[in-house]
Participant: 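Mind having a look at this structure? Questions to follow.
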Amino acid sequence: MRGVRTAAEADGNVVKILPLDGGLSALAEDSAVDADAAIVFLTGEATFPKTTLPVYVFAADGQSIVADTPHLTYNAAAAPKLALDSALSYPPHLAPVRMIGLFTSQSSAAYLIWSDAKASGTVFAKQEFFLEASDVSLADWLSETLSLYYPGMLDAIYAESGALAVSAAESLASLGRDDIEVFFSRFGCGRHSKALANSRVRRRRKLPGRGRALLR
């Protein structure tokens, strides 16, 4: 919830977070009605009680949520394919999409998905990097490799992890290259997501002047 509070305060707004005890059933109690919304971090499967509050759900384990409940679902198993599909469909990319692939190893799930895409002709792999097998740092490898391709020769970089994506973004920035997008399948940890966020222009949406939310 720190990100919610930070975004609100940056726009001069106030969000008061009210932790709620008693599980999901507490959303139907009178004490919950005083809030403007309920934010639910969902663990396991659950049935939501009837409530007059707007409910927003983060289903971190990829749980199935009914369509009429606003929710964010993260499915780590599907993330590598979703990221690659995004790279392939991103305009103005045309198959085969010319990409550099950054991976932890040749046995990773992301590399297997990448290999299938190469075999089907949707990915044109210009270069591949494997962290566990490399004798040089990724930064040095990217600096040398990117210098081989002038603008227009590459469409994107596909990274298996947040750490690899951060290195790619930093290398592109240091070379002044803005012609290549970086697509990645997951954040390795909070500092990686922060580094990526700081490397791009962020647009914040204006929130109402004041609000209160229940955190479960």
Side-chain angles (χ1 to χ4, degrees), residues 1-90 108-110 113 158-166 169 181-216:
M1 296 302 298
R2 182 168 51 188
V4 174
R5 192 191 305 276
T6 300
E9 291 177 349
D11 286 333
N13 303 308
V14 176
V15 172
K16 186 176 181 180
I17 307 299
L18 308 172
L20 182 65
D21 296 323
L24 291 174
S25 61
L27 293 178
E29 297 176 0
D30 292 340
S31 59
V33 178
D34 191 42
D36 297 301
I39 300 174
V40 177
F41 185 90
L42 188 62
T43 56
E45 300 294 335
T47 301
F48 292 92
K50 291 183 178 181
T51 177
T52 58
L53 284 175
V55 177
Y56 302 89
V57 181
F58 176 41
D61 297 326
Q63 300 97 322
S64 178
I65 307 296
V66 294
D68 59 352
T69 299
H71 62 275
L72 175 65
T73 301
Y74 181 74
N75 186 345
K81 187 176 188 306
L82 287 174
L84 186 57
D85 287 345
S86 295
L88 297 177
S89 62
Y90 185 81
S108 70
I113 293 170
Y158 174 71
E160 179 182 336
S161 69
L164 295 173
V166 168
E181 294 83 26
V182 180
F183 295 83
F184 61 100
S185 63
R186 68 180 188 275
F187 291 124
C189 65
R191 67 186 179 88
H192 297 149
S193 60
K194 181 178 180 181
L196 282 171
N198 288 340
S199 71
R200 74 179 90 178
V201 175
R202 286 176 291 174
R203 182 182 179 186
R204 286 196 177 109
R205 189 175 181 181
K206 186 71 175 177
L207 298 174
R210 298 182 69 87
R212 286 177 291 179
L214 294 172
L215 172 62
R216 172 61 190 134

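Source: prediction; values computed, not measured. We use all heavy atoms of the structure for the numbers below, so side chains are in, but hydrogens, waters and symmetry mates are not.
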Participant: Can you see which heavy atom on Phe184 is nearest to which on Ala83, and at what distance?
Facilitator: O-CB, 3.4 Å
Participant: For residues Val182 and Ala169, report the shortest heavy-atom separation together with the two atoms involved.
Facilitator: CG2-N, 4.4 Å
Participant: Whether the side chain of Tyr158 engages the backbone of Pro80 through a donor-acceptor N/O pair (distance < 3.5 Å, no angle test) should be reported.
Facilitator: yes
Participant: Excluding sequence neighbours, so at least two apart, what forms ring-ring contact (aromatic ring centres under 6.0 Å, His included) with Tyr90?
Facilitator: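 For Tyr90 the ring-ring contact (aromatic ring centres under 6.0 Å, His included) partners, ignoring immediate neighbours, are His93, Phe183.
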